[in-house]
Amino acid sequence: MALPLAIALAGCGGGGNELGPADAVWASPDAVKVGAKGRCFVGIGPTVHVYGGKPPYVLKNAAPLAMSLDRARVNMPGEGFTLTFNGVCLSDMPITIEDAEGRLLAVPISNAPI
């Protein structure tokens with residue numbers, strides 16, 4: 001019985017995104033919090049990797065005066081974008097990620113003194 005099941009599964013083909021569910025977009029990390037002792041952070045921050053959904057992914061920055069992204073689009077699942085902070089304090093400002101099917105994900109970004 002195991003052999004026919006293995007053959008049936010091998011012929012399935014799937015069709016979703018191998019690096020995440022095809023019906024959802026997710027990011028790692030799913031939120032970013034930075035800050036320096038007594039002041040808001042200035043400099044290059046973390047890279048956020050995007051998975052799932054249907055690429056390409058378009059990025060929208062809600063606070064371009066406070067932070068910048070190294071790209072406006074992520075082409076493949078597992079690729080990412082890197083944040084750079086300008087020293088402006090902010091709390092839970094989103095980077096919105098939209099896949100080719102219009103699915104949205106907001107990644108909250110905070111830059112506050114520790």
Residue pairs, two or more places apart or on separate chains, that pass salt bridge (Lys or Arg N to Asp or Glu O under 4.0 Å) and touch residues 100-114: K54-E101, D99-R103

Taking atom CD1 as the centre, does I44 end up with more than 12 heavy-atom neighbours from other residues, nucleotides or ligands that are less than 6.0 angstrom away? no

Which pairs count as side chain to side chain donor-acceptor pair (under 3.5 Å) when at least one residue sits in residues 33-50, sequence neighbours excluded? T47-T82

On a heavy-atom basis, the closest approach of N111 and F41 is OD1-N, 2.7 Å

Filter on side chain to side chain donor-acceptor pair (under 3.5 Å), then keep only pairs touching residues 84-95, sequence neighbours left out; what's left? D92-S110

Qualifying disulfide bond (SG atoms under 2.5 Å apart) pairs with a residue from residues 32-114, counting only residues at least two apart or across chains: C40-C89

Please name the pair of heavy atoms, one in P46 and one in V32, separated by the smallest distance, quoted to 0.1 Å. CG-CG1, 3.6 Å

side-chain contact (heavy atoms from CB on, under 4.5 Å) involving F81 - partner list, sequence neighbours excluded: V48, V50, L59, L69, D70, R71, V74, L83, I95, I97

Non-hydrogen atoms of G53 and P55 that approach each other most closely: O-CD, 4.0 Å

Could you pull out all residues at least two apart from K60 that satisfy side-chain hydrogen bond (donor to acceptor under 3.5 Å, both in side chains)? E98

Looking at every non-hydrogen atom in both residues, tell me the closest pair between G78 and Y51 and how far apart they are. CA-CE2, 3.4 Å

Which atoms form the tightest heavy-atom contact between P108 and A106, and what is the distance? CD-O, 3.5 Å

Could you walk me through whether M67 and I109 pass the side-chain contact (heavy atoms from CB on, under 4.5 Å) test, one step at a time? CA-CA 9 Å; M67 61 185 161; I109 312 294; 3.6 Å; yes

Do side-chain atoms of Y57 reach the backbone of G52 as a donor and acceptor pair under 3.5 angstrom? yes

